[in-house]
Number of protein chains: 2
Amino acid sequence: MATIKDVAKLAGVAVSTASYALNHNSRVNAETAKRVLEAAKTLNYQKNGIARDLKRSKTETIGIIVQDLSGPFYSELMRGVQDTLLTHQYGLIACSSIGGNVTTASKFLQERRVDGVIILAESLPDELILQSVREDFPIIVLDRKLDSDSIIHVLVDNFSGGYQATQHLIDLGHKDLAYIGGPSHNRDNQLRFEGYKQALKDSCITLHPSWILQGQYTREGGYSAAKILMMQGNAPSAVFCANDEMAVGALKAFKESGLHIPEDLSIIGFDDIEISQYISPPLSTVKQSNYEIGSLAAHLIYQALNEGIEGKDYILPTELVLRKSTSAAKKMEA
Amino acid sequence: MATIKDVAKLAGVAVSTASYALNHNSRVNAETAKRVLEAAKTLNYQKNGIARDLKRSKTETIGIIVQDLSGPFYSELMRGVQDTLLTHQYGLIACSSIGGNVTTASKFLQERRVDGVIILAESLPDELILQSVREDFPIIVLDRKLDSDSIIHVLVDNFSGGYQATQHLIDLGHKDLAYIGGPSHNRDNQLRFEGYKQALKDSCITLHPSWILQGQYTREGGYSAAKILMMQGNAPSAVFCANDEMAVGALKAFKESGLHIPEDLSIIGFDDIEISQYISPPLSTVKQSNYEIGSLAAHLIYQALNEGIEGKDYILPTELVLRKSTSAAKKMEA
DNA sequence: CTGTTAGCGCGTTCAG
DNA sequence: CTGAACGCGCTAACAG
């Protein structure tokens, strides 16, 4: 447990000199520096990063709080964050929001252990975030909209995405449009649903309550929802699933029942997850660039830390990705 | 950026008193404590965790270094770690090993920012780990075996797993057993292969070199290996794939060639990844309990920190998971 | 029993 | 190249 003092003593210099030498500051004579470095090696000296951070009052590290470290969080998003921070020489550490408010999440948020945080954890209470607002501590929230202009939001335009997906089906001539949604309290889901409703409204199509189903955002949920839909008798001609996972499940259910996709029924998802392009037929979907979200979040945090920005909100557009699971409606009246 | 000093000043007490009050130490009179707490609230005081850690020389946080924060790392394992640390009131932060040795990984390892680390990142150089060995800093390595008795290893018994899988096929009457392996330098793969060879030997079955193939641990690799196997003419009656990914690929290849699994050919994998149970037929495989590994790792680190243990190594057993991709060999000679 | 003084942990950095 | 202050909170020892 050698400290810089030990190194200095062994090298026969002052602590300050040792510090300069160890940080390769040129004001130290090469000879001396070498002696210091050797002493450090001999003693197996390792700097105490905590002391350093304390003194410099910065950590050059950003924290990201995710719902569950063990869950499949958005990997593209994480990659975007990582890549961007790396170019700015910032480190990244992640923690999960589980465990009440004595967790690492609150350490990140309240105890200055990181220079800024990115939050992607629905279960983290609003209050905890709001309480953590303070000068010069950028907080980027990706999973909700909070009422504070010290918080920067990066969100996806879920409403438009839902609208786009629905409008696409309508454009193909579909009028009987089911919606398989995610958890009802989920904000993203609500907005996608709003988009769906608005699109129907704008085309004067009446919403059919029995075609509004819940699939919990899971593959199994989508599967069951699709089964229910078929059991009801009056099947729709197209289905908009609020995420791709459910769409995959629903697709399976429809295919099992002998329906041909997209000939008999069109299906569109949301998210553009990886397998969407591999399943058969490849899934049409609405894409949100998670990499871009992550990268933007990281970029904003860097800016906030180094140049300063006003707490602005960013809403990223969604993009329709058309593959093979949607096609023109059959002419029923023909 | 209020500090404890400001709080003390506002409350009209000494800094030490403020500290006691904030930590709910009973030696401070309730009245005074209340004044302090109020002052803290007024000033929106938040303790500087870094200063605290520095003084106490411990962080009560464990770091886990994974290959890639954005990749699909073993989620069950992470859950095991999380659960266990939580019960001991330790925090967990994760970082990835990418980015050279100026990364957060080295901050974890060398700068005392965490009380201990768990490593699950093949790309992290051995030297970096070895350099980081020091008194009272537990390091648990899950992905390799290092030559230092200050390092604790938690590994899976890959040899036995390979043996089990092979023996299972032998028990079913198979004698023509192919092996589709992972990267040859990969330790896990080597051991699984050793297990395979040993099992053959113990049953006096000669190893057939043209049935030993390489699939790089990827689905595509497994697919190609299976194709090659079939092109060779003398197809085996059973295949042991060193991981499930390759087994999935191989299965696809065999099915495409019109083989019926398991009637025409038995196939067994390794890892028990999630999709193994969903594919058709569900894959028989060798399971390693990742949750258990994670939980054990966390437990060991806690013990090392609080009670002390000798750097011992732990090898966890594997378990055969029989599903539908293996069945009795056809009687060729009948 | 309550509150205060003072030193510590460790590295950084300014004035000399 | 060095001495000393500093960042901030903790805590042992002491005084009232």
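Throughout, protein chains are lettered first and strands after them, A, B, ... in sequence-line order, and every chain is numbered starting at 1.
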Report task. Can you tell me the distance, in whole Å, between the CG atom of B/L22 and the C1' atom of D/dC8? Result -> 13 Å
Report task. Let me know the distance between CG of B/L54 and C1' of D/dC10, rounded to the nearest Å. Result -> 10 Å
Query raised in the report: Would you say C/dC10 has OP1 or OP2 under 4.0 Å from some side-chain N or O of A/Y45?
Result: no
Query - Residue pair B/N48 / A/E111, side-chain donor-acceptor N/O under 3.5 Å - result: no
Query raised in the report: Taking atom P of C/dT4 as reference, at what distance in whole Å does atom CG of B/N25 sit?
Result: 14 Å
**Report entry** Close residues, residues 8-18 of chain A, relative to DNA chain D [heavy-atom separation under 4.0 Å]
**Finding:** A/V13, A/A14, A/S16, A/T17
Report summary line: When rounded to whole Å, the CD1 to P distance for the pair A/I4 and D/dC6 reads 19 Å
Report summary line: 5'-most contact on DNA chain C (nearest-nucleotide basis), A/G49 vs B/V28, goes to B/V28
Query raised in the report: Are any of B/S19's side-chain N or O atoms less than 4.0 Å away from OP1 or OP2 of D/dC10?
Result: yes
**Report entry** More than 12 heavy atoms from other groups under 6.0 Å of CD on A/E31
**Finding:** no
Report summary line: Side-chain atoms of A/R27 come closest, of D/dT11, D/dG7, C/dG16, to C/dG16
Requested in this report: Among D/dA12, C/dT12, D/dG7, find the nucleotide with the atom closest to the side chain of B/Y20.
Outcome: D/dA12
**Report entry** Side-chain N or O of B/N48 closer than 4.0 Å to phosphate OP1/OP2 of D/dG7
**Finding:** no
Query raised in the report: Rounded to the Å, how far apart are B/E111 CD and C/dG9 P?
Result: 20 Å
Query - Whole-Å distance separating the CD1 atom of B/I50 from the P atom of C/dG9 - result: 19 Å
Query - Between B/Q190 and B/R187, a side-chain donor and acceptor under 3.5 Å - result: yes
Report task. Answer with base, sugar-phosphate or nothing: what part of the nucleic acid does A/D53 contact at a heavy-atom distance below 4.0 Å? Result -> nothing
Query raised in the report: In whole angstroms, how far is the P atom of D/dC8 from the CG atom of B/N23?
Result: 17 Å
Report task. Tell me, yes or no, whether the heavy-atom count around B/K145 atom NZ, taken from other residues, nucleotides or ligands under 6.0 Å, exceeds 12. Result -> yes
Query raised in the report: Would you say the side chain of B/L77 lies within less than 4.5 Å of the side chain of B/L142, judging by non-hydrogen atoms?
Result: yes
**Report entry** Donor-acceptor pair between A/T59 and A/D115 side chains, under 3.5 angstrom
**Finding:** yes
Query raised in the report: Please give, in whole Å, the distance from C/dT12 P to A/K58 NZ?
Result: 12 Å
**Report entry** Residue mapping more 5' on DNA chain C - nearest nucleotide basis, B/S26 or A/R52
**Finding:** B/S26
Which atom pairs, donor and acceptor, lie under 3.5 Å between side-chain atoms of residues 122-130 of chain B and protein residues at least two apart or in another chain?
residue : atom : partner : partner atom : Å
B/E122  : OE2  : B/N186  : ND2          : 3.4
B/S123  : OG   : B/Q67   : OE1          : 3.4
B/S123  : OG   : B/S97   : OG           : 3.0
B/D126  : OD1  : B/R144  : NH1          : 2.6

Query raised in the report: Does a nitrogen or oxygen in the side chain of A/R56 sit under 4.0 Å from OP1 or OP2 of C/dT12?
Result: no
